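Since the structure is predicted, the reported quantities are computational estimates derived from the model, not experimental observations.
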Amino acid sequence: MVHHATDNAPGAALTSAVPPSFVCLPGAKDSPVILHVPHSAREIPAQVRTGIVLGDAELERESDHIVDAWTAEIARDAAGGSRVRPWRFVNLLSRLVVDPERFLDEREEMRAVGMGAVYTRTTHREVLRDDAVDPGPLVERYFRPYARAMTEAVRERVERAGRAVVIDVHSYPSTPLPYELHGDGARPAVCLGTDPFHTPPALLDAAETAFAGFEVGLDSPFSGTYVPLEFYGSDARVTALMIEVRRDVYMTEPGGPAGPGLGRVARALAALVDAVSGPRP
């Protein structure tokens with residue numbers, strides 16, 4: 001069974017000597033929905049920090065650019081505003097530790113810019129880690145346990161609710177950064193990332209309706225969804241959608257405070273959660 005924490009767990013965790021990598025916050029027992037928040041944190045354990053070549057000020061600036069700031073709060077507020085409370089799986093460590101949404105093999109296109117599971121380059125394609133650094137220990141310590149726990153969380157929803165709906169909660173900058181492979185495409189207020197197998201038309205329609213108050217686009221500048229490999233491309237009971245909110249919609253860029261737009265985004269996400277929490281269409 002995956003460990004289930006309370007809403008107080010993340011704050012408590014970050015004060016411990018060795019913070020955990022993630023937390024699973026329970027929702028309604030029969031809810032199929034998991035709000036997945038993989039990139040909201042800035043925390044980097046001391047033993048990982050030693051392998052990053054940036055100075056402290058440079059690292060803070062990089063975190064401003066790479067972290068999906070306030071997305072954990074958006075998911076929290078959406079969960080609180082939903083009629084059927086969703087589950088939340090939240091990464092408590094920075095994606096500069098490991099990025100839990102990357103493939104570990106040649107399927108991962110971001111390896112081309114040094115941003116596979118363990119980043120060696122920054123958002124501006126500068127050196128983050130020496131290329132000679134062995135990513136193996138970080139993968140074993142952080143990536144694989146995260147993947148196993150997320151797999152178990154999805155399996156639990158399938159067993160309990162008959163299906164799982166994974167909604168990834170992300171954000172992206174209003175101006176393209178040098179690391180982006182597809183930065184020349186459209187940058188709508190809300191980008192919906194889809195998968196040809198795991199994003200059925202009913203889920204996409206529900207998202208477009210829920211976010212109707214925003215400019216909505218598909219798969220640009222980011223595409224795809226997160227589905228644990230055990231279910232990926234094979235189990236239609238697991239559906240998935242990525243929500244990418246352009247940061248100027250709800251915060252001051254880069255890395256600044258949240259604004260009133262955060263509430264609008266959270267309410268739209270809550271509407272999506274409610275729309276997909278009932279019987280499967």
Side-chain angles (χ1 to χ4, degrees), residues 36-42 44 52-54 58-72 74 91 93-131 135 138 143 166-196 198-199 204 207 211 214-227 240-256 258 261 265:
H36 182 218
V37 187
H39 295 157
S40 66
R42 297 173 73 101
I44 300 175
I52 293 175
V53 302
L54 301 180
E58 295 172 309
L59 181 56
E60 284 300 305
R61 188 65 172 174
E62 177 62 13
S63 294
D64 287 343
H65 287 299
I66 197 65
V67 168
D68 291 352
W70 305 105
T71 50
I74 289 172
N91 187 4
L93 299 182
S94 170
R95 64 196 292 190
L96 298 178
V97 179
V98 296
D99 191 330
E101 294 209 311
R102 300 296 198 230
F103 288 112
L104 291 177
D105 56 25
E106 65 281 353
R107 288 174 292 181
E108 184 49 65
E109 68 172 0
M110 296 304 294
R111 293 171 66 181
V113 289
M115 299 180 95
V118 177
Y119 295 178
T120 59
R121 294 294 182 271
T122 70
T123 51
H124 290 75
R125 301 202 181 195
E126 297 169 349
V127 176
L128 179 76
R129 290 182 176 91
D130 190 286
D131 287 329
L138 291 175
F143 185 97
V166 180
I167 300 176
D168 250 13
V169 185
H170 288 267
S171 71
Y172 73 97
S174 56
T175 301
L177 290 170
Y179 84 94
E180 294 183 28
L181 294 177
H182 310 288
D184 56 348
R187 302 180 84 81
V190 176
C191 164
L192 303 178
T194 67
D195 177 86
H198 291 283
T199 310
L204 185 56
F211 286 92
F214 299 87
E215 174 199 13
V216 176
L218 299 182
D219 294 318
S220 177
F222 298 99
S223 62
T225 66
Y226 178 82
V227 176
L241 183 73
M242 179 170 65
I243 309 292
E244 289 267 6
V245 185
R246 203 179 64 220
R247 291 176 189 154
D248 63 334
V249 169
Y250 71 92
M251 64 173 285
T252 300
E253 299 179 88
V265 174

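Atom OH of Y179 sits about 4.5 Å away from atom CD1 of I66, to the nearest 0.5 Å. The SG atom of C191 lies 5.5 Å from the CE atom of M242; values are rounded to the nearest 0.5 Å. In this structure, NE2 on H36 lies 12.5 Å from CD1 on I167, to the nearest 0.5 angstrom. Interatomic distance, L93 CG to I44 CD1, rounded to the nearest 0.5 Å: 9.0 Å. Atom-to-atom distance recorded for R129:CZ and L54:CG is 9.5 Å, nearest 0.5 angstrom. Rounding to the nearest 0.5 Å places OG1 of T175 at 9.5 Å from CD of E180.
Taking the side chain to side chain contact (heavy atoms under 4.5 Å, CB included) definition, one finds that M251 meets it with A69, W70, R247, sequence neighbours left out. Residues meeting the side chain to side chain contact (heavy atoms under 4.5 Å, CB included) test with E109, sequence neighbours left out: L181, H182. The side chain to side chain contact (heavy atoms under 4.5 Å, CB included) search around H65 returns R61, T123, H124, L177, P254, not counting sequence neighbours. Considering only residues two or more places apart in sequence or on other chains, D184 meets the salt bridge (Lys or Arg N to Asp or Glu O under 4.0 Å) condition with none of them. Applying the side chain to side chain contact (heavy atoms under 4.5 Å, CB included) test to S63 and every residue at least two apart in sequence or in another chain returns R42, L59, V67, L96. For D99, the salt bridge (Lys or Arg N to Asp or Glu O under 4.0 Å) partners two or more places apart in sequence, or in a different chain, are R95, R102.
In this structure, L241 and T194 have side chains that are in contact, with non-hydrogen atoms separated by less than 4.5 Å. Between P38 and H170 there is a side-chain heavy-atom pair separated by less than 4.5 Å. Within the 4.5 Å cutoff, side-chain heavy atoms of R121 are placed close to those of D131. E126 has its side chain out of reach of E62: every pair of non-hydrogen atoms, C-beta onward, lies at least 4.5 Å apart. When side chains are defined from C-beta on, S171 counts as touching Y250, because their heavy atoms get closer than 4.5 Å.
At least one donor-acceptor pair closer than 3.5 Å links the side chain of T71 to the backbone N or O of D68.
Contact between D195 and H198 at its shortest, heavy atoms only, is OD2-N, 2.8 Å. Residues P173 and E253 come closest through the heavy atom pair CA-OE1, 3.2 Å. V227 approaches A240 most closely through the heavy-atom pair CG2-CB, 3.6 Å. The nearest pair of heavy atoms linking P176 to R187 is CG-NH1, 3.5 Å. Taking all atoms of both residues into account, the shortest heavy-atom contact from P188 to S220 is CD-O, 3.3 Å. For G193 against T225, the heavy-atom pair with the smallest separation is O-CG2, 3.4 Å.
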(request) For the pair R111 and E106, evaluate side chain to side chain contact (heavy atoms under 4.5 Å, CB included) and give the outcome as yes or no after the intermediate values. (result) CA-CA 8 Å; R111 293 171 66 181; E106 65 281 353; 4.2 Å; yes
(request) Please step through side chain to side chain contact (heavy atoms under 4.5 Å, CB included) for the pair V216 and L192, ending with a clear verdict. (result) CA-CA 7 Å; V216 176; L192 303 178; 3.6 Å; yes
(request) Report the C-alpha distance between F211 and I243 in whole Å, list the side-chain angles of each, state the deciding distance to 0.1 Å, and finish with yes or no for side chain to side chain contact (heavy atoms under 4.5 Å, CB included). (result) CA-CA 10 Å; F211 286 92; I243 309 292; 4.0 Å; yes
(request) Evaluate the side chain to side chain contact (heavy atoms under 4.5 Å, CB included) criterion for residues V265 and F214: first the C-alpha distance (whole Å), next the side-chain angles of each, then the deciding distance (0.1 Å), finally the verdict. (result) CA-CA 9 Å; V265 174; F214 299 87; 4.0 Å; yes
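Ring pair Y172/F222 is perpendicular by interplanar angle, where above 60° counts as perpendicular and below 30° as parallel.
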